[in-house]
Amino acid sequence: MFEEVSPRLHVPAPAIRPGDDPDFSHVAIPRAGAVDRPEPDTRPEDMREMAFSIIRVLNRKGEAVGPWAGSLSGEALLQGLRDMMTLRTYDARMLTAQRQGKCSFYMQHLGEEAISCAFQRALRPGDMNFPTYRQAGLLIAAGYPLVKMMNQVYSNDGDPVRGRQLPVFYSSKEHGFFSISGNLATQYVQAVGWAMAAAIKGDRKLAAAWIGDGSTAESDFHGALVFASTYKPPVILNIVNNQWAISTFQGIARGGAGTFAARAHGFGLPALRVDGNDFLAVHAASQWAVERARRDLGPTIIEFVTYRAGGHSTSDDPSAYRPKEEGAAWPLGDPILRLKAHLIQLGIWSEERHKQAEAEILAEVMAVQKEAEAIGTLHSGQRPSPRDMFEDVFAEMPPHLLRQRHEVGY
Amino acid sequence: MFEEVSPRLHVPAPAIRPGDDPDFSHVAIPRAGAVDRPEPDTRPEDMREMAFSIIRVLNRKGEAVGPWAGSLSGEALLQGLRDMMTLRTYDARMLTAQRQGKCSFYMQHLGEEAISCAFQRALRPGDMNFPTYRQAGLLIAAGYPLVKMMNQVYSNDGDPVRGRQLPVFYSSKEHGFFSISGNLATQYVQAVGWAMAAAIKGDRKLAAAWIGDGSTAESDFHGALVFASTYKPPVILNIVNNQWAISTFQGIARGGAGTFAARAHGFGLPALRVDGNDFLAVHAASQWAVERARRDLGPTIIEFVTYRAGGHSTSDDPSAYRPKEEGAAWPLGDPILRLKAHLIQLGIWSEERHKQAEAEILAEVMAVQKEAEAIGTLHSGQRPSPRDMFEDVFAEMPPHLLRQRHEVGY
Amino acid sequence: MARMTMIEAIRDAHAVAMERDSDVVVLGEDVGYFGGVFRCTAGLQKRFGVERCFDTPISELGIVGTAIGMAAYGLKPIAEIQFADYMYPGYDQIVSEAARLRYRSAGEFTCPMVIRMPTGGGIFGAQTHSQSPEALFTHVAGLKTVVPSNPREAKGLLLAAIADPDPVIFLEPKRLYNGPFDGHFDRPSVPWSKHEAGDVEPGYYEVPLGKAAVVREGSAATLITYGTMVHVALAAVAESGTDVEVIDLRTLLPLDLETITASVRKTGRCIVLHEATLTSGYGAEVTALVQRECFYSLEAPVLRVAGWDTPYPHAQEWDYFPGPERVRRAIDKVMEAE
Amino acid sequence: MARMTMIEAIRDAHAVAMERDSDVVVLGEDVGYFGGVFRCTAGLQKRFGVERCFDTPISELGIVGTAIGMAAYGLKPIAEIQFADYMYPGYDQIVSEAARLRYRSAGEFTCPMVIRMPTGGGIFGAQTHSQSPEALFTHVAGLKTVVPSNPREAKGLLLAAIADPDPVIFLEPKRLYNGPFDGHFDRPSVPWSKHEAGDVEPGYYEVPLGKAAVVREGSAATLITYGTMVHVALAAVAESGTDVEVIDLRTLLPLDLETITASVRKTGRCIVLHEATLTSGYGAEVTALVQRECFYSLEAPVLRVAGWDTPYPHAQEWDYFPGPERVRRAIDKVMEAE
Ligand SMILES: Cc1ncc(C[n+]2csc(CCOP(=O)(O)OP(=O)(O)O)c2C)c(N)n1
Ligand SMILES: Cc1ncc(C[n+]2csc(CCOP(=O)(O)OP(=O)(O)O)c2C)c(N)n1
Ligand SMILES: [Mg+2]
Ligand SMILES: [Mg+2]
């Protein structure tokens with residue numbers, strides 16, 4: 001027999017709240033280069049431990065070490081640095097524009113730039129991302145014109161989606177960026193469906209699904225894993241664990257699981273867990289998953305471990321629920337600084353060139369901003385027409401919508 | 001570099017279809033007694049292998065062997081046998097009644113009787129099951145009057161739910177049997193909520209959630225596991241793997257996972273996998289999970305491995321999608337025959353007493369049937385009133401419903 | 001020309017579409033090897049292969065969600081939801097995703113798919129096998145909603161739905177699968193082989209979406225309905241001896257308002273009939289439009305006959321179902337008013 | 001008596017209910033430590049403990065589903081859905097479970113819970129932060145649906161909803177959280193501190209469910225509305241110079257039909273106004289009822305003013321929003337007709 005204990009509700013809570021000193025000593029971080037690289041056709045059950053460690057390439061000295069190093073050329077790394085810097089500069093400008101009332105809303109990537117910028121380097125045209133609102137780096141790395149992004153942020157007449165969407169919900173088929181929904185997680189399972197279609201047609205294309213740590217709790221996450229596990233289409237299921245879901249720390253969504261990557265184990269799917277602030281590690285892991293997809297070995301789950309250094313969005317003030325200094329204490333560092341250090345260490349970059357690049361990028365982004373603002377911003381200049389409001393509900397406008405459009409006078 | 005392969009859709013299919021010879025040689029079945037019994041407070045990660053084996057107690061000779069043996073007295077086992085026999089007899093009578101047009105529909109338990117009958121023995125008043133349509137044994141083992149069940153099957157005037165529900169969707173708060181929904185899986189997460197309420201109140205009650213193998217694909221399964229993993233309330237999450245979901249074999253829902261029990265591993269929850277046709281094993285595993293709940297150690301997942309020996313429901317003819325003889329070939333045998341053999345082996349039962357019990361039970365069920373039919377059946381006798389149709393939509397009938405009821409003339 | 005049940009006609013529409021266009025794929029619970037619990041997809045897997053018609057896990061979210069991905073890729077998925085009552089887990093994907101993909105991407109991504117589901121009662125299926133959720137679709141901008149009432153049109157409407165570049169909800173009144181049920185549950189059921197609308201042309205043809213049919217001309221009043229209720233309406237009209245015009249909407253959205261208003265302006269009286277729950281049912285929309293467009297022609301208030309505002313009961317099925325007697329009473333009532 | 005915003009009034013209702021009854025618990029995304037993205041639950045976790053007010057994983061299904069289990073157990077959960085636009089993943093649990101539990105168990109199990117969610121536009125939230133899905137609830141037998149239009153009533157209605165033995169959907173027009181927005185987006189916004197309905201009594205009081213309020217008496221026409229649109233209606237009426245009676249429904253289901261018919265019989269003209277998409281919106285139901293009950297009093301067709309049948313756009317927010325100008329035009333139109 002045993003002694004009974006009255007049950008109680010276990011509500012996970014972060015150890016650290018505003019007023020406390022940031023402390024990440026509970027986050028176990030392996031040395032760079034320490035984690036093995038299994039062959040991409042390894043059976044999931046033979047690589048379970050990958051879900052409980054963190055693949056890292058860049059060490060503290062800025063060297064690329066271990067079995068995951070070497071997936072990118074110096075040139076590609078230089079471009080990657082530029083992409084990340086562009087994204088950060090763009091974010092800063094748009095945040096300010098939002099405060100100036102030029103757009104309604106904005107969401108930044110601060111601290112998470114490496115993930116989307118490096119991942120995109122592992123894809124090729126024809127592949128399709130199903131992103132969340134925090135992967136604009138995919139677009140930048142794919143060469144989508146910055147001015148189109150800005151036009152959308154401003155909801156001006158150059159907005160490719162005609163003012164219908166929130167600022168950061170981009171869409172570009174050509175650049176492998178699926179239209180963002182705004183409803184969390186819904187597109188995770190669509191990515192699996194897209195990949196199933198590629199498999200049905202036998203086309204050599206893959207889909208990449210994106211989700212945040214908090215959003216893994218949604219039903220669509222399960223639907224995606226179930227269908228991926230059953231039909232094994234060429235899909236990469238990315239989880240960006242940036243520690244927070246608005247005000248809620250990752251423990252609420254993760255519960256008793258060691259990691260989010262571990263969710264894969266219930267489905268017989270292989271999972272990697274990666275330092276999301278290490279451009280090289282992100283790329284190498286992505287490349288591994290891409291190889292699986294291209295060899296018809298099936299889906300891969302990747303958890304990118306990072307930290308949301310900024311507010312959730314322009315509507316959010318994180319100092320209400322976490323110490324202001326927490327971001328600075330984050331042990332995986334800043335992705336831009338880490339790649340910069342590596343490039344300097346490689347001898348193909350320098351502090352001076354970095355400063356110069358910063359200035360160039362700023363000038364470039366400001367020029368684009370001028371161009372976009374010349375068209376218009378949310379409340380001024382040329383804006384999408386009310387007529388646009390009635391288009392694209394259907395391919396062909398049915399009579400009742402036509403009547404309504406006439407009522408508005410268009 | 002690697003060689004690309006065009007992807008294809010992998011659609012799992014059973015090896016055996018009508019016309020083929022049944023073959024279960026791929027089902028790995030450990031010897032009875034071979035699987036260890038970890039302490040109930042074992043950490044989930046230290047008992048992973050439990051999800052990939054099958055806990056069995058009764059061996060081929062009818063002996064109870066190994067560390068899971070001995071959880072029930074001879075008397076309780078005799079009662080268990082009687083419960084299973086009652087359920088099977090009841091099923092047979094109701095199936096016939098359906099064919100005679102006395103009720104609209106019926107779902108039987110053939111081959112799965114041990115699961116609900118043995119599980120209920122591990123509970124106590126105050127605990128609550130959230131069952132599917134294939135756990136009527138919970139009611140029988142809890143002493144719910146058979147005549148009430150039959151009245152509901154007949155939708156007659158004695159039907160406790162006033163003719164509103166399909167025949168087998170019973171409900172009895174007093175007997176710890178939550179109202180069945182008909183929408184698959186929805187109640188799995190409600191069970192977690194019920195257990196959370198017990199935890200919030202500090203009440204020593206537990207909830208047991210029930211789901212079929214096929215239904216684990218539904219969103220509610222995920223919701224339940226996420227919330228269970230986070231708040232760790234006193235809930236037992238049962239999965240009845242009877243190999244089939246209507247016409248679809250379990251491989252479609254399970255995908256690449258080794259077992260359904262393995263789903264637990266993505267959530268840091270402990271999982272057991274049990275011979276569902278072994279009354280003793282079912283009880284022992286249930287008891288283990290009950291102990292965890294009563295010691296506030298949190299949720300447990302149990303996969304009961306069994307075989308749906310009959311059709312999915314009276315609307316189904318399984319010979320269209322699986323060999324007729326498959327049931328007979330099922331390697332885990334018949335739960336009633338196995339318990340019977342054990343009781344005979346124990347010396348507290350005999351072929352004669354079994355025959356006699358069969359006759360008694362048949363007489364008893366037939367007497368109850370007479371009683372129920374004296375009230376009425378679906379199309380004859382005393383039936384719930386159209387007035388009942390308008391009651392219980394709300395606690396108090398709002399004006400529009402009252403108007404509608406008057407329109408019907410009541 | 002062959003006499004077919006509605007099940008056969010729907011199956012035939014699938015086969016014709018899959019033969020014509022290799023991008024048409026079929027998915028759903030039990031639709032593959034077995035051919036669907038109502039047999040609407042029987043034989044398709046064998047004929048077109050397992051990649052073109054396959055069983056899915058039991059997840060309506062997954063069925064609709066992956067089908068959206070397939071549609072965006074360029075396929076034309078037909079997703080079967082086993083019963084309309086089980087569409088709710090997929091409702092978010094339908095409303096938030098399928099319906100809005102074209103709009104929010106300004107036409108860059110589209111979602112040409114059909115979601116089929118059996119609806120309505122009359123088979124003692126109780127609250128989870130009887131629902132008619134059409135109003136939950138008609139309220140959502142970006143969806144078309146279709147309800148056939150016989151085999152011939154079911155095939156043509158389904159083919160039109162498959163050809164449509166946008167998501168179409170295709171609601172199949174299950175009580176009509178085998179015959180034109182007129183609501184007289186106590187009489188022997190009539191099979192489609194005894195009904196001329198059971199004549200189904202072979203090969204490809206469309207019945208256009210957005211067009212209603214006047215199935216009985218009349219001058220005394222207009223009865224607007226769809227699905228199973230078309231047959232109930234016709235029976236009730238025949239029994240009432242009143243010269244009522246009966247309109248089968250066929251497509252609820254886009255609605256053929258012209259056919260409706262032409263009729264009501266002519267008759268001056270109107271009844272709207274459906275099986276779904278009255279309050280906020282699709283009949284409310286039709287009524288609101290009719291009173292607006294035909295106000296000066298109306299000699300009586302528009303009456304609605306519909307399912308009661310309760311869940312669909314089991315034993316009381318025929319008390320719930322708006323059968324010919326209730327329709328006759330409404331006809332008398334609408335004729336009384338001056 | 002204290003002047004409060006609607007947010008403060010809602011928060012106060014929570015606190016009063018939780019103080020009175022230890023079975024009242026609050027759950028939802030970000031509702032705990034942080035107190036909700038709109039701050040409606042701020043301070044509750046600190047005051048009542050983490051078991052009484054806690055953060056949930058991001059799963060609307062899980063929030064509603066576990067809350068149903070809690071309600072069946074005997075608690076009185078208040079579940080917050082962060083935006084009404086995100087209720088769809090929980091819709092199955094609401095429709096198939098919460099709404100039908102009492103019915104299908106013949107009263108043995110019940111579901112006394114409140115599901116709160118911010119609705120409506122006016123904050124440039126685009127299609128995923130602006131929806132008004134009330135008609136998706138009013139069509140479902142077993143649910144009550146409430147929409148407050150000011151702080152004082154929001155508190156009393158919420159307390160009545162919490163006390164109600166059945167599931168209540170509580171829709172909070174987010175554009176009213178901080179002030180009585182009348183649709184003039186180009187004028188400075190008015191805070192509740194400047195409005196007498198910002199006076200909120202301390203302690204416990206209920207505003208009964210199922211009772212509408214005549215917020216402006218008038219004789220020329222009846223304008224029926226709820227939520228944000230109450231203030232738009234009042235502004236439009238004031239500007240139109242027409243003596244229009246304005247009714248704030250407050251509860252959509254059960255509907256206070258008596259107040260409506262008394263008014264329309266008096267005025268002979270009627271407009272129904274809401275922000276949700278027109279087709280199959282709740283206005284259709286109200287219109288259908290009014291034309292039925294008041295047919296012989298009506299001098300003009302009932303007009304509906306509503307959101308267009310498109311997703312809620314971003315840049316064109318004010319073209320979508322049915323503001324005072326559109327309402328004024330409808331008033332002129334309904335008065336024109338004879
Ligand atoms: C279905 C749904 N529920 C709730 C929200 C509101 N919401 C927007 S972002 C967010 C947090 C998401 O956190 P996470 O998934 O970790 O992504 P992150 O923002 O950290 O990148 C929430 C709750 C939503 N957009 N959709
Ligand atoms: C949400 C939902 N989808 C589909 C169905 C139709 N349906 C009823 S039973 C069933 C199969 C369930 O299989 P499983 O979960 O394995 O349980 P079993 O019948 O084998 O006990 C299906 C698909 C349903 N009832 N609810
Ligand atoms: Mg996050
Ligand atoms: Mg099964």
Side-chain angles (χ1 to χ4, degrees), chain B residues 8-9 11-14 17 103-105 154-156 159 161-167 169 181-186 212 214-221 245-249 252-255 312 315-316 320-321 378 383-393 398 400-401 404-405 407-408, chain C residues 25 27-39 42 45 49-63 65 82-83 85-86 88-90 92 123-130 186 277-279 305-320 326 329:
Chain B
R8 56 186 193 82
L9 196 74
V11 183
R17 285 292 195 187
C103 63
S104 61
F105 175 80
Y154 288 143
S155 301
N156 68 21
D159 176 357
V161 298
R162 314 304 305 133
R164 296 186 192 131
Q165 281 270 57
L166 272 185
F169 293 0
S181 160
N183 293 58
L184 295 172
T186 44
S215 306
T216 58
E218 287 285 10
S219 304
D220 312 85
F221 180 75
I246 310 185
S247 77
T248 307
F249 91 122
I252 289 284
R254 204 195 61 231
H312 170 72
S315 314
D316 180 46
Y321 50 81
L378 180 60
R383 303 171 49 227
S385 154
R387 198 190 166 95
D388 286 317
M389 181 169 70
F390 296 98
E391 300 287 343
D392 294 327
V393 180
H400 69 285
L401 271 179
Q404 293 181 14
R405 199 185 81 193
E407 216 178 310
V408 184
Chain C
V25 298
L27 71 165
E29 296 158 17
D30 302 296
V31 304
Y33 184 88
F34 181 57
V37 296
F38 288 104
R39 327 293 300 125
Q45 182 175 86
V50 79
E51 294 94 354
R52 301 279 307 281
C53 176
F54 53 89
D55 289 325
T56 62
I58 303 175
S59 164
E60 292 74 14
L61 178 154
I63 294 169
Q82 202 161 81
F83 284 85
D85 317 60
Y86 305 142
Y88 302 102
D92 185 32
I123 62 157
F124 277 99
Q127 49 195 305
T128 55
H129 302 85
S130 307
D186 42 4
T277 290
L278 178 80
T279 296
V305 181
W308 307 116
D309 284 331
T310 73
Y312 212 111
H314 176 250
Q316 302 91 338
E317 169 140 76
W318 301 119
D319 303 300
Y320 185 90
R326 279 182 62 203
R329 267 191 274 139

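Quick note on labels: first sequence line is chain A, next is B, and so on, each numbered from 1.
Heavy-atom distances place the side chain of C:Gln82, and not its backbone, under 4.5 Å from chain B. For C:Glu317, no part lies under 4.5 angstrom from a heavy atom of chain B. For C:Leu278, the part lying near chain B is the side chain, with the backbone staying farther off; criterion is any non-hydrogen pair under 4.5 Å. Contacts of B:Leu184 with chain C are made by side-chain atoms alone, with heavy-atom separations under 4.5 Å and no backbone atom involved. Interface remark: B:Asp159 contributes no atoms to any contact with chain C (heavy atom separation under 4.5 Å). If you measure heavy-atom distances from B:Phe169 to chain C, the contacts under 4.5 Å come from the side chain alone. Residue B:His312 does not touch chain C at all, counting heavy-atom pairs closer than 4.5 Å. Proximity to chain C (any heavy atom under 4.5 Å) is restricted, for B:Ser219, to the side chain, taken from C-beta onward. Within the 4.5 angstrom heavy-atom criterion, atoms from both the backbone and the side chain of B:Leu166 approach chain C.
Partners of B:Leu378 under the side-chain contact (heavy atoms from CB on, under 4.5 Å) rule, at least two apart in sequence or in another chain, are B:Ser104, B:Ser155, C:Phe124, C:His314. By the side-chain contact (heavy atoms from CB on, under 4.5 Å) test, B:Arg387 pairs with B:Ser385, B:Glu391, B:Arg405, B:Tyr410, sequence neighbours left out.
From B:Thr216, atom OG1 reaches atom CD1 of C:Ile58 across 8.0 Å, with rounding to the nearest 0.5 Å. Summarising the geometry, atom CG belonging to C:Asp55 is positioned 5.5 Å from atom CD1 belonging to B:Ile252; distances are rounded to the nearest 0.5 Å. Atom OH of C:Tyr320 sits about 9.0 Å away from atom CZ of B:Phe390, to the nearest 0.5 Å. If you take CZ on C:Phe38 and OG on B:Ser315, they are separated by 8.0 Å, rounding to the nearest 0.5 Å. For the atom pair CD (C:Glu51) and CZ (B:Arg8), the distance works out to 8.0 Å, reported to the nearest 0.5 Å. Atom OG1 of C:Thr310 is separated from atom CG of B:Asp388 by 11.5 Å, given to the nearest 0.5 angstrom.
Using modelled atom types and a 3.5 Å distance limit, the side chains of C:Thr128 and B:Asn183 yield no donor-acceptor pair. A donor-acceptor contact closer than 3.5 angstrom links the side chains of B:Gln404 and C:Asp309.
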Working note: C:Phe34 + B:Tyr321, criterion ring pair (Phe, Tyr, Trp, His ring centres under 6.0 Å); need CA distance, chi angles, decisive distance, verdict. CA-CA 6 Å; C:Phe34 181 57; B:Tyr321 50 81; 5.5 Å; yes
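Using the six-membered ring where Trp is involved, C:His129 and B:Phe105 have ring planes that are tilted, between 30° and 60° apart.
Contact record, C:Pro311 with B:Val393: CD-CG2, 4.1 Å, taken as the closest heavy-atom pair. Minimum heavy-atom separation, C:Ser59 to B:Ala217: CB-O, 3.5 Å.
Most heavy-atom pairs under 4.5 Å with chain C: of the set B:Pro167, B:Gly255, B:Gly212, B:Ala253, this distinction falls to B:Pro167. Ranked by non-hydrogen atom pairs under 4.5 Å with chain C, the options B:Leu9, B:Asp392, B:Asp316 are led by B:Leu9. When C:Glu60, C:Gln316, C:Arg326 are compared by the number of non-hydrogen pairs under 4.5 Å with chain B, C:Gln316 comes out ahead. Ranked by heavy-atom pairs shorter than 4.5 Å toward chain C, the options B:Gln165, B:Arg17, B:Glu407, B:Arg254 are led by B:Arg17.
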